[in-house]
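Presented below is the structure to which this report refers.
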Number of protein chains: 2
Amino acid sequence: MTTRDHIIQTADQLIRAKGYNAFSFVDIANVVGIRKPSIHHYFPRKTDLGVAVIEYHIQQLQKIQKAFAVKCAVEKLDRFFLIYDDIKKHNKVCLVGSLTTDYNTLDVEVQDKLRYFSEVMLNWVTDFLEEGRCKKEFHFSEAPRTKALLIITNMIAIVQLSRVTEDKDFNLMKETIKKELLTN
Amino acid sequence: MTTRDHIIQTADQLIRAKGYNAFSFVDIANVVGIRKPSIHHYFPRKTDLGVAVIEYHIQQLQKIQKAFAVKCAVEKLDRFFLIYDDIKKHNKVCLVGSLTTDYNTLDVEVQDKLRYFSEVMLNWVTDFLEEGRCKKEFHFSEAPRTKALLIITNMIAIVQLSRVTEDKDFNLMKETIKKELLTN
DNA sequence: GTCTATATATAGATAGAC
DNA sequence: GTCTATCTATATATAGAC
């Protein structure tokens, strides 16, 4: 892995563990094993790093979309849940949840990139829900985009909320959502 | 309003607009019209202020619970939604959503108070959902606490997510949730 | 590409006068 | 109860040597 990628992935972990305004270049330097000013060689401003972290997430999601394009809707749903399994396992929150709460403190470049990432995510879920209903894998009465919003908001917030309720509420949400999609 | 209350309410607005780690005592001083060190007279540490803000929310919620104790479940649901209407109207997020994303940076006193507030909120929603189903006002198949988690996570995250999708997604969530509770 | 040194701003917090 | 002055730590960022 290149130093640049190591910085991006470390920033990503810190943003989702502590929040955008609670991580610093020193935190990253300590993990990557370089000095604070060296990070500016790759990312002149914190904003540049923030944008790069979101771009990394967009790339990862597009890889998943591509790899699962031929799979059935239930498999796509399971892959969607797997994203949050990983988040919950490491006691993080998702990038959209972390950055939307700090939204009013972000530079417009980060805001715009975040908007685009959210759009890609929402479109993907909307599409596989519609496909799943079309093929009788899923059953739901709402518009596919509305159902996608319901499910995505469940997942965004349960990784946050289960930090203070109970960890097992995470699996409870997942199982309830899946069961209801498969029933009827 | 006392200076102390003014500080608490200003801190509350700032936490939900920008996040816990993005507001400072100077921000509050500028709004309240006093100097930064004067705030320490009321709240020695930022942690003390954080705790007070959550306590304020607990009090507000308990007032609502009391005032609506005699009302029907649908009215309680509408009052629950009204909390989020106010949040969305002012482009804020809810306290639980804001503080759970910053959870790992909070002192344990704030964490514990936040856990208690979340419990009060979850219990209230669980109770009026159960009551509503009992009286045939609501229809749902999940356990009441599970349904409460589904609805609360929808609301926590839609005020966050609709900052980057579309504002009208907020009303869309609300109406969809209510319609499904009333149907069947 | 990484370093040391530094600039500049701001954070949370305290001391002590009024 | 509020102020000025100050402390200490840390933030983002830059300059310039190696």
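Every chain is numbered from 1, with letters handed out A, B, ... down the list of sequences.
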5′-ward residue of the pair A:Y42/B:D27 relative to DNA chain C:
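Nearer the 5' end of the strand: A:Y42.
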Keeping to residues at least two apart or across chains, list the salt bridge (Lys or Arg N to Asp or Glu O under 4.0 Å) pairs with something in residues 54-74 of chain B.
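Listed by first then second residue: B:E55-B:K113.
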What pairs with A:H41 under ring pair (Phe, Tyr, Trp, His ring centres under 6.0 Å), at least two apart in sequence or on another chain?
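Testing A:H41 for ring pair (Phe, Tyr, Trp, His ring centres under 6.0 Å), a comparison that skips the adjacent residues, returns none.
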According to ring pair (Phe, Tyr, Trp, His ring centres under 6.0 Å), who are the partners of B:F81, at least two apart in sequence or on a separate chain?
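Checked B:F81 against ring pair (Phe, Tyr, Trp, His ring centres under 6.0 Å); zero matches.
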Outermost nucleotides of DNA chain D that come under 4.0 Å of a non-hydrogen atom of chain B
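Here the contact window of chain B covers D:dG1 to D:dA5.
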Side chain to side chain donor-acceptor pair (under 3.5 Å) partners for B:D127, two or more places apart
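Once residues adjacent in sequence are excluded, B:D127 has no partner under the side chain to side chain donor-acceptor pair (under 3.5 Å) criterion.
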Can you name the atoms? Protein N/O to nucleotides 12-14 of chain C N/O, anything below 3.5 Å, with the distance.
| from | atom 1 | to | atom 2 | distance (Å) |
| --- | --- | --- | --- | --- |
| C:dG12 | OP1 | B:F23 | O | 3.4 |
| C:dG12 | OP1 | B:K46 | NZ | 2.9 |
| C:dG12 | OP2 | B:F25 | N | 3.1 |
| C:dG12 | O6 | B:K36 | NZ | 3.4 |
| C:dA13 | OP2 | B:K46 | N | 2.7 |
| C:dA13 | N7 | B:H40 | NE2 | 3.3 |

A:S38: side chain to side chain contact (heavy atoms under 4.5 Å, CB included) partners, not counting sequence neighbours:
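With neighbours one apart ignored, the set is A:I34, A:R35.
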Could you pull out all residues at least two apart from B:I64 that satisfy side chain to side chain contact (heavy atoms under 4.5 Å, CB included)?
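Side chain to side chain contact (heavy atoms under 4.5 Å, CB included) list for B:I64, sorted by chain: B:F68, B:R79, B:I83, B:W124.
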Once you round to the nearest 0.5 Å, how far does CZ of A:F80 lie from CZ of A:F128?
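So the gap between those two atoms works out to 6.0 Å.
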What pairs of residues pass the side-chain hydrogen bond (donor to acceptor under 3.5 Å, both in side chains) test when at least one of them lies in residues 143-155 of chain B, not counting sequence neighbours?
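Non-adjacent pairs meeting side-chain hydrogen bond (donor to acceptor under 3.5 Å, both in side chains): A:T153-B:N154, A:N154-B:T153, A:D169-B:R145.
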